Amino acid sequence: MPVSRLAIVSFHTSPLAQPGIGDGGGMNVYVDSLARGLARAGVHCDVLTRAEASGQDPVVEVEPGYVVRHLRAGPLRPVPKEELLGLVPEFTDRMVELYRRDDRLRPDLLHGNYWLSGLASHRAKHELDLPMVATFHTLARVKAETAAADEPELRARSEAEIVRCSDLILASTPEEADQLASLYDADRNRIEIVPPGVDHHVFRPGDRRAARTMLGLDGRNVVLFVGRIQPLKGLELAVRAFAQIARNDPSAVLVVIGGPSGADGPAELARAQAVVTEHGLSARVQFHPPQPHERLVTWYRAADVCLVPSRAESFGLVALEAAASGTPVVAAAVGGLRSIIHDGLTGVLVDGRDPADFAAPLERLLRDPERRIEMGLSAAASARRYSWDMTAVRLRRLYADVIARTPVRCF
């Protein structure tokens, strides 16, 4: 049975929000790009998210077939992600009321993103008698294994419950599929590996010299860090690694694009700024606020190397966007980054968390422009296999298969 209407649940962050601010990040890009791709493929997408401001339009048509619905749950203001769990029941009530009130809006299935959306989708699945698809983006037990974050056990138990009741679970990489099976006892027959994509109309190689001139980076060796500022993303480590190469390369600059995220974000920014001060790098490390997504390509093109020293990454959209833009990536050898980067061909994967481990490949690449160009071309070619349009077409088929099956029941 084909799917014609889909409810994409993104409870804690809106696809309309600026990535890099607050809790906005790769998941915003994922949900927005997925909805656009599916709408182009003929699937009407309602993206359900929590209303955060009194002036927000309750319904925003982003483009034909793609609508964002802001549902009232809790105060009309941003709420820290750590405090959102108590608002899930009210949000779920609004979801159920919406689709019971107008049968014309009723979706063929629910697709929950992140564990909080999974909780809402799980309950709505049973109250509305709809199949449910889950994408977790990050997993508590994976974070615990890598010491990336101290997540509450309640989250892990909730994720396990969502896993048991999902009709389909989407994993970005084979490694994530293995983690779901080994850490959550997920049924492998209900896991599909569907990597996110990249918009190649936006993220593609371009004129590096023009990008540098536009951004005032002429004559510099540019190392780029893009992401939310929080311990998970490793900004302090990035600054310490840069401090080591800056001693021998007076033309090198580190460009940081992003804002503090989560309870630990301000402290991570303060630690990174303290390292800048300690090494006298205030003129060599540039901090820029989060940029509109379509403008990031100029920063990627201007960079010689993109640095991604994350402690954990389920996929790593920044690395993929940089690669698609023709920029080699030096990244931690964790999670989905191992799938995106071909070590020594499209970038460099780094084991270990010592700043020197990252400084060494950065320094080699900055000293070898021919190697950088070669890697960048290989990176862009490799990134072509990731496309949101192809992802949307495949998901449309998978959704149809889910609708045709007997739903999974957990109670």
Side-chain angles (χ1 to χ4, degrees), residues 18-26 78 80-83 138 140 142-152 220-249 252-291 296 299 303 305-314 316-319 322 329-335 337 348-363 366:
Q18 169 68 60
I21 296 177
D23 292 321
K81 189 162 61 175
E82 298 78 13
E83 300 173 15
T138 61
V142 172
K143 285 186 171 184
E145 279 198 338
T146 60
D150 184 18
E151 296 286 349
R220 312 308 296 264
N221 281 340
V222 182
V223 178
L224 178 67
F225 175 99
V226 177
R228 288 174 293 153
I229 297 176
Q230 56 180 208
L232 178 70
K233 300 297 183 180
L235 175 60
E236 181 188 357
L237 174 57
V239 176
R240 291 190 181 280
F242 176 76
Q244 294 193 17
I245 66 173
R247 291 195 296 261
N248 302 319
D249 186 348
V253 294
L254 172 64
V255 175
V256 177
I257 298 178
S261 173
D264 297 327
E268 174 73 359
L269 177 58
R271 285 190 293 269
Q273 290 174 330
V275 177
V276 171
T277 301
E278 174 190 347
H279 292 277
L281 295 172
S282 59
R284 310 273 300 279
V285 178
Q286 301 180 8
F287 290 91
H288 295 273
Q291 302 291 301
L296 276 177
W299 295 94
V305 184
C306 184
L307 177 57
V308 186
S310 304
R311 287 184 175 274
E313 285 286 355
S314 59
L317 278 174
V318 165
V329 179
V330 172
V334 297
L337 294 169
V348 179
L349 290 171
V350 177
D351 292 307
R353 303 294 300 171
D354 192 294
D357 297 333
F358 289 87
L362 284 173
E363 194 164 26
L366 292 178

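It should be emphasised that the depicted structure is a prediction, and the values quoted were computed from it without experimental measurement.
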Colleague: With sequence neighbours left out, write down each residue that passes side-chain contact (heavy atoms from CB on, under 4.5 Å) with Asn248, or none if nothing qualifies.
Modeller: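 Residues passing side-chain contact (heavy atoms from CB on, under 4.5 Å) with Asn248: Glu363, Arg367.
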Colleague: For the side chain of Arg284 and the backbone of Ala252, is there at least one donor-acceptor N/O pair under 3.5 Å apart?
Modeller: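 Yes, because the side chain of Arg284 sits within donor-acceptor range (under 3.5 Å) of the backbone of Ala252.
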Colleague: Is it the case that the side chain of Gln291 and the backbone of Pro289 share a donor-acceptor pair, with hydrogens and angles ignored and the cut-off at 3.5 Å?
Modeller: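 Looks like yes, one N/O pair under 3.5 Å.
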Colleague: Compare every heavy atom of Val334 with every heavy atom of Ala312, then report the nearest pair and how far apart it is.
Modeller: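 For Ala312 and Val334, the tightest heavy-atom pair comes out as CA-CG2, 4.0 Å.
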Colleague: How close do Pro361 and Val330 get, counting heavy atoms only, and between which atoms?
Modeller: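 Closest approach of Pro361 to Val330: CG-CG1, 4.0 Å.
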Colleague: Between the main-chain N or O of Pro309 and the side-chain N or O of Arg353, is there a donor-acceptor pair closer than 3.5 Å?
Modeller: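 Present.
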Colleague: If we only count heavy atoms from C-beta on, is the Phe358 to Leu307 side-chain gap below 4.5 Å?
Modeller: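 The answer is yes, as the side chains (C-beta and beyond) meet within the 4.5 Å cut-off.
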Colleague: Could you check if a side-chain atom of Leu237 sits within less than 4.5 angstrom of a side-chain atom of Pro355, using non-hydrogen atoms only?
Modeller: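 Side-chain contact under 4.5 Å: yes.
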Colleague: Please list, chain by chain and in numerical order, all residues satisfying side-chain hydrogen bond (donor to acceptor under 3.5 Å, both in side chains) with Ser314, sequence neighbours excluded.
Modeller: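 For Ser314, no residue satisfies side-chain hydrogen bond (donor to acceptor under 3.5 Å, both in side chains) once neighbours in sequence are set aside.
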Colleague: Check Pro260 against Gly265 and note the closest heavy-atom contact, atom names and distance.
Modeller: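 Answer, listing the atom of Pro260 first, then Gly265: CB-C, 3.8 Å.
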Colleague: So do Asp264 and Gln230 actually touch side chain to side chain, heavy atoms under 4.5 Å?
Modeller: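 They are not in contact (no side-chain heavy atoms under 4.5 Å apart), so the answer is no.
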Colleague: Residues in side-chain hydrogen bond (donor to acceptor under 3.5 Å, both in side chains) with Gln273, at least two apart?
Modeller: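 Residues passing side-chain hydrogen bond (donor to acceptor under 3.5 Å, both in side chains) with Gln273: none at all.
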Colleague: Check Leu337 against Gly316 and note the closest heavy-atom contact, atom names and distance.
Modeller: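 For Leu337 and Gly316, the tightest heavy-atom pair comes out as CD2-CA, 4.1 Å.
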Colleague: Ignoring hydrogens, what is the shortest heavy-atom contact between Pro290 and Ile257? Give both atom names and the distance.
Modeller: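 What the structure gives for the nearest pair is CA-CG2, 4.2 Å.
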Colleague: How close do Ala303 and Leu224 get, heavy atom to heavy atom, and via which atoms?
Modeller: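 For Ala303 and Leu224, the tightest heavy-atom pair comes out as CB-CB, 3.7 Å.
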Colleague: Sub-3.5 Å donor-acceptor pair from the side chain of Gln286 to the main-chain atoms of Val253, do we have one?
Modeller: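 Answer holds: no.
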Colleague: Checking side chain to side chain contact (heavy atoms under 4.5 Å, CB included) against Asp249, which of Leu366, Val223, Leu362 comes through?
Modeller: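 Exactly one option meets the side chain to side chain contact (heavy atoms under 4.5 Å, CB included) with Asp249, and it is Leu366.
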Colleague: Any side-chain heavy-atom pair from Ser261 and Lys81 closer than 4.5 angstrom?
Modeller: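 Sidechains of Lys81 and Ser261: no contact.
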Colleague: Could you work out, with side-chain contact (heavy atoms from CB on, under 4.5 Å) as the rule, every residue matching Ala274, not counting sequence neighbours?
Modeller: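 For Ala274, no residue satisfies side-chain contact (heavy atoms from CB on, under 4.5 Å) once neighbours in sequence are set aside.
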Colleague: With sequence neighbours excluded, tell me which residues meet side-chain contact (heavy atoms from CB on, under 4.5 Å) with Asp357.
Modeller: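 With neighbours one apart ignored, the set is Val350, Asp354.
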Colleague: Hey, mind stepping through Phe242 and Leu281 against side-chain contact (heavy atoms from CB on, under 4.5 Å) and telling me if it holds?
Modeller: CA-CA 10 Å; Phe242 176 76; Leu281 295 172; 4.1 Å; yes
Colleague: For the CZ atom of Phe287 and the CZ atom of Phe225, what is their distance to the nearest 0.5 Å?
Modeller: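 Interatomic distance, Phe287 CZ to Phe225 CZ, rounded to 0.5 Å: 9.5 Å.
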Colleague: Kindly write out the residues that satisfy side-chain contact (heavy atoms from CB on, under 4.5 Å) with Val275, not counting sequence neighbours, or none if the list is empty.
Modeller: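 Result, side-chain contact (heavy atoms from CB on, under 4.5 Å) vs Val275: Glu236, Val239, Arg240, His279.
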Colleague: Can you find a pair of side-chain heavy atoms, one from Lys233 and one from Leu235, that are under 4.5 Å apart?
Modeller: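 They are not in contact (no side-chain heavy atoms under 4.5 Å apart), so the answer is no.
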